[in-house]
Amino acid sequence: MRFHKTLIPTLREDPVDAQVVSHRLMLRAGLIRPLGSGIYTWLPLGLRVLRKVEAIVRQEMDNAGAQEVLMPAVQPAELWQESGRWDFYGKELLRFLDRHERACCFGPTHEEVISDLVRREIRSYRQLPANFYQIQTKFRDEIRPRFGIMRGREFLMKDAYSFDLDQAGLDASYQAMFAAYQRIFQRCGLAFRAVEADTGSIGGASSHEFHVLADSGEDVIISCDQCDYAANLEKAVAAEALPQEGDPAVVMEKIATPGQKSIEEVARFLKLPVQQLVKSLLVETPAGPVLLLLRGDRSLNMVKAANALNLPQVTIPDADRAAYWAGVGMGSLGPVGSRLPVVADHELRHLRNFACGANEEGWHLLNVNWQRDLPVPSFADLRNVTAGEPCARCGTGRLQRHQGIEVGHVFKLGDKYSKAMGVKVLDSQGSEQTLVMGCYGIGVSRIVAAAIEQNHDANGIRWPRSLAPFSLQLILLNPRDSGEVAAAEELYQSLRAAGVEVLLDDRDERAGVKFKDADLLGCPLRLLVGGRSFKEGMVELQSRAGDLSQKLPVGESLLPALLAVIHSSTP
RNA sequence: CGGGGUGUAGCGCAGCCUGGUAGCGCAUCGGCUUUGGGAGCCGAGAGUCGGAGGUUCGAAUCCUCUCGCCCCGACCA
């Protein structure tokens with residue numbers, strides 16, 4: 001491709017709105033341009049990268065035995081009403097009416113459509129197992145789109161759906177996808193980690209997320225430094241707290257804590273370690289308010305709270321609402337004498353002589369103990385684990401905390417959709433069986449951003465070979481020098497004929513501009529034709545990574561020498 | 001959805017407080033000189049000042065409403 005004939009609008013300055021590296025570089029390198037909040041046009045260079053990711057995904061899916069289809073982006077409401085998701089799915093679902101005033105949505109996912117297809121077309125167990133996938137534009141009306149392509153509203157996704165007769169079949173389909181995903185992310189040159197994930201309100205047996213490790217990642221993942229345990233924050237379990245020894249229970253005492261609101265203030269005031277305080281959090285649920293208890297230094301995980309209460313979601317009310325429910329300001333909220341249902345974190349089971357709010361403005365209780373001073377509540381996993389805690393799985397390792405970008409998710413759906421929508425076949429006995437489903441997503445466009453987050457330096461992008469828009473950027477230093485032009489043209493043609501993807505920078509720009517842009521665009525190799533070295537009969541080959549810089553003589557041996565480097569395995 | 005910020009030429013910004021009809025840098029176009037890490041000089045084009053309404057002789061500037069974009073927020077007792 002010729003630079004001067006291609007729209008590659010590089011920016012010298014950083015776009016002010018872009019917060020993360022990938023967003024900045026995608027704009028600066030001319031890969032994308034914004035159209036509205038969370039929606040982008042892919043320009044020629046960006047599209048090439050997107051297609052690279054697509055191709056890798058497609059190959060590995062095909063190799064894993066999945067069949068590619070393409071489903072409609074626009075879906076009728078009836079299907080969603082049938083699965084029950086029309087009312088359940090929130091505002092993320094973009095809904096609209098067609099000219100006949102029939103309700104539609106722009107598909108954020110395709111369980112309903114594929115289930116409808118399979119129930120119509122697959123009748124016999126002999127047609128199973130089956131796995132259908134598509135690579136398609138999805139739209140989710142995110143609360144807050146941000147970070148450019150990373151969390152856009154419109155994005156390119158690969159979604160796959162497996163259908164099996166029984167659980168064992170699903171397990172096998174799931175494993176096949178899991179393995180395919182590992183190959184896909186490896187081929188994309190990404191450092192990633194598969195983690196156990198919360199299955200949330202959808203239920204189901206197991207689920208793994210694939211995260212690209214990056215500081216800018218929006219998700220927190222927890223892993224053990226000894227064993228292979230890894231989970232996202234919503235799922236990560238803490239090791240059980242040991243029973244507290246000693247301190248024979250002393251009498252509960254009520255103490256004035258005027259003006260002390262936060263846990264830290266109260267702890268300081270009472271001269272107690274924060275760990276000896278119990279914080280009481282009021283959450284709102286469809287079934288009414290619930291009081292959640294955590295150790296003073298812990299933080300609540302909302303997903304865990306929702307799971308513990310067996311609800312799709314819980315919300316934290318604002319101060320006024322909370323005070324209304326509790327009958328007391330938030331700083332003095334506590335479980336003793338509370339009429340609200342109480343759920344405490346596992347960790348509090350063995351806590352003795354703790355302090356908590358007295359349910360009376362400006363008062364706290366000291367030396368509180370379960371059973372003696374208040375009923376033993378139900379216990380559940382409510383809190384976020386923290387780095388450095390012992391691993392619950394192996395017991396010897398310590399938990400580590402990383403930031404991750406979720407690029408893939410595999411999920412055993414079970415019969416949630418197949419049951420609701422009647423996806424059944426006849427088994428070998430001739431009786432009807434409801435199929436069990438799995439679903440498997442990959443954020444194709446997000447991978448492009450994630451790859452940049454992991455592969456860049458101060459000067460720009462450093463594409464992994466497999467994703468680079470071009471393997472080589474050929475810089476023609478002076479397009480007015482006929483000798484240089486002839487040499488560059490010949491190289492351009494012969495490299496292309498040899499199957500190398502080349503971007504020929506034939507712009508009439510100064511050398512500095514071309515060098516800067518080459519760094520920014522980040523193709524793995526740069527070949528310079530012109531200037532001093534050309535006068536000596538040489539061209540210069542450099543790697544973007546900086547580990548290669550050599551002069552090669554122009555002539556018969558040049559092309560083979562170039563091809564050798566291009567095809568070598570060094571990244 | 002709440003809170004904050006911001007909207008002036010393609011991009012980055014100044015001007016607004018204190019009303020008098022728009023400017024700077026980069027980019028673009030033309031010319032000359034330059035030519036190995038984002039060149040210099042000269043000249044040119046380009047802006048409904050996000051939109052609507054109001055105040056005023058006069059509004060980018062003051063007031064009201066509205067829209068877009070960006071950031072923070074369900075973290076906490």
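The figures here come from the full heavy-atom set of this structure, side chains too, leaving out hydrogens, waters and symmetry mates. Numbers restart at 1 for each chain; the letters A, B, ... are given by sequence-line order, proteins then strands.
Rounded to a whole Å, the CG atom of A:Asp505 is 14 Å from the C1' atom of B:G36. Whole-Å rounding puts the A:Phe147 CZ to B:C71 P distance at 7 Å. A:Glu284 places its CD atom 14 Å from the C1' atom of B:C1, with the value rounded to the nearest Å. When rounded to the nearest whole Å, the span between CG of A:Leu281 and P of B:C75 equals 7 Å. Taking atom CG of residue A:Leu293 and atom C1' of nucleotide B:C76, one finds them 13 Å apart after rounding to whole Å. Whole-Å rounding puts the A:Leu477 CG to B:U35 P distance at 12 Å. If you measure from atom CG of A:Asp17 to atom C1' of B:C72, you get 15 Å, rounded to the nearest angstrom. Distance NZ (A:Lys514) to C1' (B:G37): 13 Å, rounded to an integer number of Å.
When distances are taken from the side chain of A:Ser299 to each of B:C75, B:A39, B:G38, the shortest belongs to B:C75. Which of B:G37, B:C76, B:C1 sits closest to the side chain of A:Leu300 comes down to B:C76.
Cation-pi geometry between A:Arg446 and A:Phe155 is not satisfied (NZ or CZ under 6.0 Å from the ring centre, within 45° of the ring normal).
Looking at A:Leu294 and A:Leu348, their side chains never come closer than 4.5 Å, going by heavy atoms from C-beta outward.
Of the side-chain N and O atoms in A:Arg510, none sit less than 4.0 angstrom from OP1 or OP2 of B:G38.
Remark: the backbone N or O of A:Gly362 is paired with a side-chain donor or acceptor of A:Thr257 at under 3.5 angstrom.
Within the 4.0 angstrom heavy-atom criterion, base atoms lie near A:Asn384. Counting any heavy atom pair closer than 4.0 Å across all strands shown, A:Arg383 reaches no nucleic acid atom. Using a 4.0 Å heavy-atom distance criterion, A:Asn478 is classed as making no nucleic acid contact. As judged by a 4.0 angstrom heavy-atom cut-off over every strand, A:Gly357 is placed among residues making no nucleic acid contact. Among the heavy atoms of the strands, none lies under 4.0 Å from A:Arg507. Counting any heavy atom pair closer than 4.0 Å across all strands shown, A:Glu265 reaches no nucleic acid atom.
B:A60 is unpaired under the Watson-Crick or G-U wobble criterion, no partner having all donor-acceptor distances under 3.5 Å.
For the pair A:Gly512 and A:Val16, both in contact range of RNA chain B, the more 5′-proximal nearest nucleotide belongs to A:Val16. Mapping A:Leu294 and A:Gly530 onto RNA chain B by nearest heavy atom places A:Gly530 closer to the 5' end of the strand.
Comparing the P positions of B:C70 and B:U35 gives a spacing of 45 Å, expressed to the nearest Å. Atom P of B:C62 sits at a distance of 42 Å from the matching atom of B:G38, rounded to the whole Å. Here the separation of B:G51 from B:U8, taken at their P atoms, is 10 Å to the nearest Å. With both ends at atom C1', the span from B:A39 to B:G25 equals 16 Å, rounded to whole Å. B:A14 sits 27 Å from B:C29 when the P atoms are compared, rounded to a whole Å. Look at the C1' atom in both B:A59 and B:C75: the space between them is 45 Å, to the nearest Å. With both ends at atom P, the span from B:U55 to B:C63 equals 15 Å, rounded to whole Å. Taking atom P in both B:G15 and B:G3, one finds a spacing of 28 Å when rounded to whole Å.
Side-chain atoms of A:Ser37 and base atoms of B:G68 include no donor and acceptor less than 3.5 Å apart. Counting distance only, with no hydrogens placed and no angle test, the side-chain atoms of A:Asp14 and the base atoms of B:G12 include no donor-acceptor pair under 3.5 Å. In the interface, the side chain of A:Arg144 is not paired with the base of B:G3 through any donor and acceptor atom under 3.5 Å apart. Residue side chain A:Glu509 does not reach the base of B:G37 through any donor-acceptor N/O pair under 3.5 Å, judged by distance alone. At a cut-off of 3.5 angstrom, counting only N and O atoms as typed in the model, there is no donor on one side facing an acceptor on the other between the side-chain of A:Arg146 and the base of B:G73.
For the residue pair A:Arg526 and A:Gln542, a side-chain donor N or O sits within less than 3.5 Å of a side-chain acceptor on the partner.
Classification of the A:Phe379-A:Trp370 ring pair by plane angle, with boundaries at 30° and 60°, yields perpendicular.
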